[in-house]
There are 2 protein chains.
Amino acid sequence: MKIGELSRATGTNIETIRYYERIGLLPAPDRTAANYRSYGDAHRSRLSFVRHSRELGFTIDEIRSLLDLSDDPARDCGEADRIATRHLEQVEEKIAQLTLLRDELTRIVGRCRGGVAADCRVIEALGDHRHCENAH
Amino acid sequence: MKIGELSRATGTNIETIRYYERIGLLPAPDRTAANYRSYGDAHRSRLSFVRHSRELGFTIDEIRSLLDLSDDPARDCGEADRIATRHLEQVEEKIAQLTLLRDELTRIVGRCRGGVAADCRVIEALGDHRHCENAH
DNA sequence: ATGCACCCTGTAGCAACTACAGGGTCAAGC
DNA sequence: GCTTGACCCTGTAGTTGCTACAGGGTGCAT
């Protein structure tokens, strides 16, 4: 499989694939006589793993750990669980933060009744944190 | 006010203040004889505006527009409202995305029952998108 | 032999900071 | 008067996870 095919097969940008190779997330594949990268199924499933994990918001470093783990089938699964659990907690925290943010923005946006900037409640609210009801 | 005082007064990193000046978000202040930056109240409230807007998730470019607007009190307030409304929509979309993500992660994390990596449901789920119930 | 799609390397850019290195300034205390 | 420490200065490079070229080579069809 050439890089373009792998790209289509996994929905990954070609430049991204080369980037993953450069940072050591994907192993360097064999090359053809013309120096083209030549991938097999193992590469494809590894890349799918990476893409899927990225879609779920794991960082490259977390994915590196998860890949190490899956490369060594004898290791304890607890580490994968810890990584995923920690990530889940971060996502939950982010949701909570964004929810506060949304409420604050809703309050700010709702105050606009048109007019000129000098009287703008939106700009006023942005300038003065004391109008807020949440910490952020 | 020297930069350290401004930093404490607004809860902004000193390097960040200089960065904002460099990118033209804050006007360059006067200098003392020793070439130290010397700030006044106008600087402080402008920086507060910027920080508060950043906390609410506005991009630097959006903040630039909002500042332009507040610098020109005769202008129409509608633009500020549009920027804030669009941002609110983005936040809402982000929350929706993260919520799907959280559900997926919860499902994945819940499958771990210990054991070795070879049998790890977490790693399996990360490798195979078909286990997912949502688009992401 | 000429076009076109594809591949290669290497470098630079994005956002919004953050972190130095290497130097100058100023007030307090000995 | 001299040192110590806190503060300030500039300039550059690093962070994350890509993305976008520039400038060149390869492979196949017409």
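In the text below, chain A, chain B and the rest are named by the order of the sequence lines, each starting its count at 1.
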So what does [X] touch, heavy atoms closer than 4.0 Å: a base, only the sugar-phosphate, or nothing?
X	value
A:I3	sugar-phosphate
A:I23	nothing
B:R51	sugar-phosphate

Listed once per pair and sorted, the ring pair (Phe, Tyr, Trp, His ring centres under 6.0 Å) pairs that draw on residues 60-82 of chain A, sequence neighbours left out: none
[X] [atom1] - [N] [atom2] separation (whole Å):
X	N	atom1	atom2	value
B:R31	D:dC8	CZ	P	12 Å
B:I60	C:dA16	CD1	C1'	6 Å
B:R8	D:dA6	CZ	P	13 Å
A:R37	D:dG27	CZ	C1'	18 Å
B:I17	D:dC7	CD1	P	14 Å
A:L25	D:dC18	CG	C1'	12 Å
A:Y39	C:dC6	OH	P	16 Å
B:E21	D:dC8	CD	P	14 Å

Picking from [options], which would you name as closest to the side chain of [X]?
X	options	answer
A:R54	C:dA16, D:dG17, C:dC8	D:dG17
A:K2	D:dC8, D:dG17, C:dC7	C:dC7
A:Y19	D:dC9, C:dC17, D:dG17	D:dG17

Filter on salt bridge (Lys or Arg N to Asp or Glu O under 4.0 Å), then keep only pairs touching residues 4-14 of chain B, sequence neighbours left out; what's left? none
Just say parallel, tilted or perpendicular for the rings of B:H87 and B:F58, cut-offs at 30° and 60°. tilted
Under 3.5 Å, which donor-acceptor pairs do the side chains of residues 88-103 of chain A form with other protein atoms, sequence neighbours left out?
from	atom 1	to	atom 2	distance (Å)
A:T99	OG1	A:I95	O	2.7

Please list every donor-acceptor pair under 3.5 Å in which a side-chain atom of residues 9-17 of chain A meets a protein atom from a residue at least two apart or in another chain.
from	atom 1	to	atom 2	distance (Å)
A:T10	OG1	A:L6	O	2.8
A:T10	OG1	A:T12	OG1	2.8
A:T12	OG1	A:T10	O	3.4
A:N13	OD1	A:E15	N	3.2

Looking only at non-hydrogen atoms, find the nearest pair between A:T59 and A:R54 and report the distance. CA-NH1, 4.0 Å
Distance check: side-chain N/O of A:T16 vs OP1/OP2 of D:dT19, anything under 4.0 Å? yes
Quick one: is A:Y20 getting a side-chain N or O under 4.0 Å of the D:dG17 phosphate, OP1 or OP2? no
End axis versus end axis in the helix from C:dA1-D:dT30 to C:dC30-D:dG1, the angle rounded to 10°, five pairs used at each terminus: 30°
Test: side chain to side chain donor-acceptor pair (under 3.5 Å). Region: residues 33-49 of chain A. Which pairs qualify, not counting sequence neighbours? A:E21-A:R37, A:R31-A:N35, A:R46-A:D71
Using side chain to side chain contact (heavy atoms under 4.5 Å, CB included) as the criterion, list what pairs up with B:I23, not counting sequence neighbours. B:Y19, B:Y20, B:L25, B:I60, B:R64
Partners meeting side chain to side chain contact (heavy atoms under 4.5 Å, CB included) with A:A80 (sequence neighbours left out): A:L66, A:L69, B:C120, B:V122, B:I123
Expected string for nucleotides 19-26 of chain C under the B/S/- scheme (protein heavy atoms, under 4.0 Å, primed atoms plus P, OP1, OP2 as sugar-phosphate) is BB---BBS
Look at the side chain of A:S53 and the backbone N and O of A:F49, then say whether any donor-acceptor pair between them is shorter than 3.5 Å. yes
